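See below for the structure under consideration.
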2 protein chains.
Amino acid sequence: MAAIGFDPHDHSACISSTLRQAETYCAEHKLKLTPIRRRALEILLAEHRALGAYDLLSHFAAEGLGSAPPVAYRALDFLTSAGFAHKIEGLNAYIACAHLGSDHAPAFLICTACKSVAEAETEASDGRLGAAARAAGFQIDRIVVEALGLCPTCQDAA
Amino acid sequence: MAAIGFDPHDHSACISSTLRQAETYCAEHKLKLTPIRRRALEILLAEHRALGAYDLLSHFAAEGLGSAPPVAYRALDFLTSAGFAHKIEGLNAYIACAHLGSDHAPAFLICTACKSVAEAETEASDGRLGAAARAAGFQIDRIVVEALGLCPTCQDAA
DNA sequence: GTCGTTGATGTTATGATATAACAATGGAGT
DNA sequence: ACTCCATTGTTATATCATAACATCAACGAC
């Protein structure tokens, strides 16, 4: 389980690299990474934490892009459908995917204090829950695995 | 992983038995299962599916209990803190606990069509996520594991 | 007993999250 | 040039949740 964690790292490199991957993916799958969608992804990548739809929207507004809620929700829908971003249910917030390219069932460690998020790839709960689902005849569309708590930094601050 | 699933069963028996367990637990832990809290639990148990706070509230209103949102949210806060109910993050809804008594990390199979919910006890993701968390120095307060999809009945209906 | 504390409830108002519905635009393919 | 259809713009509204403060009842200290 490779976790991209709470350690500092080179943001600008991971931003540009992820954007390139997203462009490639869109080209291959006939999806359109329009300016507003691309900008949404850039913002999520730059923040590197979970942002609410309205947080994203105020970035848009500040930049002269659309400022009504559907603008943000549509961009987020696109990004999440394409797998470029994930919704953090426990925070009603959204974050750029940290494992673009791998078809994964994400699991998150979420700091409720600073809203930073570590994304881990999981097969575990897929396996167990998947087994329970098969036994029950349940058809899984989406899996949510989130651990809410405090990151090392916020523990120290407390 | 024992799942209480989508099969029919004796509701009235599981309602009264769970209420008795809740009463016992409250007595032991000096918690007050006040009329409105008790009624909230009864309603959740009777519905046997995820209810929104405002769904619960309309039951209250119909019965002459408080009808302002905080009434429902306070009852739900109490029930979830005590472990008598769980929040389903994927639906912004609440459901009675199906494993009262065991100190568990719940996992859910959630039908997005009819909102019925199967609760399974999980150790799996606790183990994996817990390991990742320890490695990262992350302090887990709460774990959310939810599989969203279609129950057997709603698959047939589709 | 009565006083003060504490926790529960009632109530108003507001904040935060999300979507419905429809109009306008603009590019891709013919 | 035209049509189709996805995208975007915009208004309005639905849905979920909490802040803040008043009231009230239970209970222990004295």
Side-chain angles (χ1 to χ4, degrees), chain A residues 22 26-27 29-41 44 50-82 84-95 110 112 115 142 144 146 148, chain B residues 22 26-27 29-41 43-44 49-82 84-95 110 112 115 142 144 146 148:
Chain A
C26 285
H29 293 75
K30 302 194 192 301
L31 297 174
K32 290 190 222 172
L33 191 62
T34 61
I36 205 162
R37 291 168 175 176
R38 186 192 161 93
R39 187 71 194 120
L41 181 53
L44 289 179
L51 284 189
Y54 283 72
D55 295 332
L56 181 60
L57 195 59
S58 49
H59 277 86
F60 285 168
E63 299 173 10
L65 299 166
S67 61
V71 174
Y73 284 101
R74 283 171 187 153
L76 290 168
D77 283 350
F78 173 83
L79 296 178
T80 53
S81 305
F84 300 162
H86 302 294
K87 179 171 187 183
I88 305 296
E89 295 289 348
L91 296 176
N92 292 318
Y94 305 82
I95 191 162
I110 301 154
T112 49
K115 300 200 177 176
R142 187 164 74 100
V144 176
E146 301 176 0
L148 300 159
Chain B
C26 285
H29 292 77
K30 301 194 193 300
L31 296 173
K32 291 189 219 174
L33 191 61
T34 61
I36 204 161
R37 291 169 175 175
R38 187 192 161 93
R39 187 70 196 118
L41 181 53
I43 291 166
L44 289 179
R49 64 191 176 92
L51 283 189
Y54 282 71
D55 294 333
L56 181 61
L57 196 59
S58 48
H59 277 86
F60 285 168
E63 298 172 12
L65 299 167
S67 61
V71 174
Y73 283 101
R74 282 172 188 151
L76 290 168
D77 283 349
F78 173 83
L79 296 178
T80 52
S81 305
F84 301 162
H86 302 294
K87 179 171 187 183
I88 305 296
E89 296 288 349
L91 296 177
N92 293 317
Y94 304 83
I95 191 162
I110 302 154
T112 48
K115 300 199 178 179
R142 188 164 72 99
V144 176
E146 303 177 0
L148 300 159

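All chains are named by letter (A, B, ...) in the order of the sequence lines, taking the proteins before the strands, and each is independently numbered beginning at 1. Just so it is clear, the structure is predicted and the values come from calculations on it, not from any experiment.
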* Scan B:Lys30 against the nucleic acid and name what it touches under 4.0 Å (heavy atoms): base, sugar-phosphate only, or nothing. => nothing

* Asked: To the nearest Å, how far apart are A:Leu65 CG and D:dT7 P?
  -> 17 Å

* Can you name the nearest heavy-atom pair linking B:Leu44 to B:Ile95, along with the distance? -> CD1-C, 4.3 Å

* **Shortest side-chain distance from B:Thr34, nucleotide among C:dA8, D:dA12, C:dG10** => C:dA8

* Value in whole Å for how far the P atom of C:dT9 lies from CG of B:Leu33 -> 10 Å

* Polar side-chain atom of B:Glu146 near backbone of B:Ile88 as donor-acceptor pair, under 3.5 Å -> no

* **A:Lys115 atom NZ, over 12 foreign heavy atoms within 6.0 Å** => no

* Asked: So, is B:Lys87 close to the D:dC16 phosphate, meaning a side-chain N or O under 4.0 Å from OP1 or OP2?
  -> no

* **Residue pair B:Leu31 / B:Phe78, side-chain heavy-atom distance below 4.5 Å** => yes

* Which whole-number value in Å describes the distance from A:Leu76 CG to C:dT17 P? -> 12 Å

* To do: Whole angstrom is fine here: how far is it from CD1 in B:Ile36 over to C1' in C:dT11?
  => 13 Å

* Ignoring backbone atoms, test whether A:Asn92 places a side-chain nitrogen or oxygen under 4.0 Å from the OP1 or OP2 oxygen of C:dA16. => no

* Separation of C:dG10 P from B:Leu57 CG (nearest whole Å) -> 11 Å

* **Polar side-chain contact B:Tyr54-D:dA14 base: donor and acceptor under 3.5 Å** => no

* Would you indicate, yes or no, if D:dG9 has its OP1 or OP2 atom less than 4.0 angstrom from a side-chain nitrogen or oxygen of A:Arg74? => no

* Rounded distance in Å - CG (A:Leu79) to P (D:dT7) -> 12 Å

* Please check the phosphate of D:dA17 (OP1 and OP2 only) for any side-chain N or O of B:Tyr94 closer than 4.0 Å. => yes

* Choose from D:dT10, D:dA17, C:dT12 the nucleotide whose nearest atom is closest to any side-chain atom of A:Ala68. => D:dT10

* Main-chain N/O of B:Phe60 paired to B:Arg39 side chain as donor or acceptor, under 3.5 Å -> no

* Is the phosphate of C:dG10, meaning OP1 or OP2, less than 4.0 Å from a side-chain N or O of B:Ser67? -> no

* A:Ile88 has an atom CD1; how far is it from atom C1' of C:dA18, in whole Å? -> 18 Å

* Between A:Lys32 and D:dT8, is there a side-chain N or O to OP1/OP2 distance below 4.0 Å? -> no

* Provide, to the nearest angstrom, the distance between the CG atom belonging to A:Leu31 and the C1' atom belonging to C:dA28. => 16 Å

* Does B:Tyr73 place a side-chain N or O at less than 4.0 Å from the phosphate oxygens OP1/OP2 of D:dA17? -> yes

* To do: Name the closest nucleotide to the B:Arg37 side chain, picking from C:dA8, D:dG9, C:dT17.
  => C:dA8

